[in-house]
Amino acid sequence: MPAYKNEQHRVTHRGRDFHFVSYEGRPANDRRGEPAVAAMWYLIQAGKRWPVMPQEPGQPVEALQRALRAWLEANAFTATRPFPPAESSP
């Protein structure tokens with residue numbers, strides 16, 4: 001099985017630049033009560049990361065850019081829907 005390779009995309013939306021990075025999923029850890037996590041896209045800002053959406057291998061760049069912009073519109077540009085809790089970047 002080939003090693004996972006992180007991907008990065010920069011998106012400009014409403015005159016601002018945003019940096020997204022994909023991270024490898026991880027299997028469930030029953031001892032810690034942690035569920036499995038699929039490979040995901042995260043928004044990276046100021047040393048923090050916010051989960052955005054599952055990564056779809058082979059997704060065309062144009063479709064990915066549209067999906068990331070839609071997430072930004074729904075989560076970053078509305079007062080009623082703040083970002084989900086941030087995680088520390090590894």
Q: Output side-chain donor-acceptor pairs under 3.5 Å for residues 56-66, partner residues at least two apart or in another chain, one line each.
A:
from  : atom 1 : to   : atom 2 : distance (Å)
Gln65 : NE2    : His9 : ND1    : 3.4

Q: Write out all pairs satisfying salt bridge (charged side-chain N to carboxylate O under 4.0 Å, His left out) with one or both partners inside residues 22-37, taking only residues at least two apart or from two chains.
A: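 Those involving residues 22-37 do not exist here.
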Q: What's the shortest heavy-atom distance between Val52 and Leu43, and which atoms?
A: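 Closest pair (atom of Val52, atom of Leu43, distance): CG2-N, 3.5 Å.
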Q: Kindly work out whether a path of hydrophobic side-chain contacts (I/L/V/M/F/W/Y, heavy atoms less than 4.5 Å apart) joins Val37 to Ile44.
A: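 Hydrophobic grouping puts Val37 with Ile44.
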Q: Any chance you could measure Gln55, atom CD, to Phe20, atom CZ, to the nearest 0.5 Å?
A: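 Between atom CD of Gln55 and atom CZ of Phe20 there are 13.5 Å.
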Q: Once side chain to side chain contact (heavy atoms under 4.5 Å, CB included) is applied, do any residues pair with Arg16, and if so which ones, sequence neighbours excluded?
A: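 Per chain and number, Arg16 pairs via side chain to side chain contact (heavy atoms under 4.5 Å, CB included) with Phe18, Gln45, Phe77.
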Q: About how many Å separate CD of Gln8 and CH2 of Trp41, when rounded to the nearest 0.5 Å?
A: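 Separation between the atoms: 8.5 Å.
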Q: Kindly determine whether Asp17 and Arg10 satisfy side chain to side chain contact (heavy atoms under 4.5 Å, CB included), including the steps that lead there.
A: CA-CA 7 Å; Asp17 293 323; Arg10 296 199 182 269; over 6 Å; no
Q: Holding to side-chain hydrogen bond (donor to acceptor under 3.5 Å, both in side chains), I want the full list of residues that pass it with Asn6, two or more places apart in sequence or in another chain.
A: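 Scan of Asn6 (side-chain hydrogen bond (donor to acceptor under 3.5 Å, both in side chains), adjacent residues dropped) gives none.
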Q: For residues Ser22 and Tyr4, report the shortest heavy-atom separation together with the two atoms involved.
A: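 Minimum heavy-atom contact is OG-OH, 2.9 Å.
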Q: Can you list everything that forms a salt bridge (charged side-chain N to carboxylate O under 4.0 Å, His left out) with Glu73? Sequence neighbours excluded, please.
A: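 Residues passing salt bridge (charged side-chain N to carboxylate O under 4.0 Å, His left out) with Glu73: Arg14.
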Q: Ala38: which residues meet the side chain to side chain contact (heavy atoms under 4.5 Å, CB included) condition with it, sequence neighbours left out?
A: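 Per chain and number, Ala38 pairs via side chain to side chain contact (heavy atoms under 4.5 Å, CB included) with no residue.
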Q: Looking only at non-hydrogen atoms, find the nearest pair between Tyr42 and Tyr23 and report the distance.
A: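 That closest heavy-atom pairing would be CD1-CD1, 3.4 Å.
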